[in-house]
Amino acid sequence: MRARARRIQPSPTASRSAAVYRKARGRRRRPLGAATLAVALCGLASCVTTPFTGRQAFNLLPIEDDKQLGAQAYEETLAGVKLADSRPEAAMVHRVIDRLVPAAQAQIPVQFDWEVHLIDDPKTVNAWCMPGGKMAVYTGILPVTEDEAGLAVVMGHEIGHAIARHGTERMTQQVGVQIVLDYIAGDYAQLAGEATQLLVFLPWGRKQELEADHIGLMLMAEAGYDPRTAVPFWERMASLGGDAPPELLSTHPSDQHRIAQLQALMPEALQRYKAASPSGAAKSGSAK
Ligand SMILES: [Zn+2]
C-alpha cells in the first residue's frame, strides 16, 4: 500500500534523477562497476540485517535519513487530505499502533518518530507507513479490516516496510551507488526533491511485499494479536480485486503465494503470540 499522490514509474524516474543530478553537478561521471562497489561496501558498514527475515540488505543511507525524508513526505501528503482523528474509529487505530510500535521499535537501532492519523476517505482502501514511522489509515479500509486484529494485519505489514527500510534500500538500488555516495558526502539539496518520490510514492516490489507480510505477521503476534487473522484478511482483500483492484493490491504478490507464505510462517508466529499471551487469553480485540 502506498500513498496515491504523484505516482511515477521506476525506471524513467531513476534515469531522470541521475540526469538531473549530473546536470546539477555540471560534469559527466565515469560509469562505475556498481555491483563490485556494492560488494566492497557491503563488507564495510552498509549491510543491515532485516528484522525477522534475517536478510542482508544493502542500504547506503543512514537510518536517520529514513526519519527525515519520511517526515518531509508526510507533511506534504497530509496537507492534501481531510483528517478524521475525531471519529470514534480513530481510537481503535491508536490502540493498534500503541501495541505494534513497541514490538517494531525493539527491532531497530534508533527511535523512530511514530505518528498516525486517520484520513477521511471512504473510497480509498489503503494505509501506509512512511520511512521513519509516519503512518496513515484511510477510513475506506476499515470495512475490510473489520476489527482491531484485522487492522493489526495491515499496519503490521506497513510498519514492516518501514523497519525493513525498504524505501532507502530502493533508493540505494535505483538512484545508483555513486549518486548516493555523493549524497552522503553532503549534496542533500541536489537530491532531496527526487528522493521524496523515490522513497515514498513508488509501488513496492513483490519481494518487498512478501517480506513486509513476514515481518507484519511476527509484529502482530508479538503485540498479542492472533496471527491467524492475517489469512482471512488477505482473502477478503483479494475478493475486492477484479478489474479495479484496491490500491493496496495493485503491486502485491499473488494471493496464492501470499497465503502460502503466511501459512508456512504460522507456527513461528503462533509461538510468538503464545509467548505474548502466556495465559492463552488474547488481549482485547485480538482473537475471534
Ligand atoms: Zn505493502
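For ligands, and for the atoms within them, numbers begin at 1 and follow the listed sequence.
Checking side-chain atoms of R272 against main-chain N and O of A221 turns up no donor-acceptor pair under 3.5 Å. Using modelled atom types, one side-chain atom of Q261 and one backbone atom of L210 make a donor-acceptor pair closer than 3.5 Å.
The ring of W234 has its center closer than 6.0 angstrom to the ring center of H157.
The closest approach of H157 to the Zn ion (ligand 1), by N/O/S atoms, is made by NE2. Considering just the N/O/S atoms of H161, the one nearest the Zn ion (ligand 1) carries the name NE2.
Residue contact annotation: E209 places an N/O/S atom under 2.8 Å from the Zn ion (ligand 1).
Closest non-hydrogen pair, I141 versus V125, comes out as CG1-CG1, 3.8 Å.
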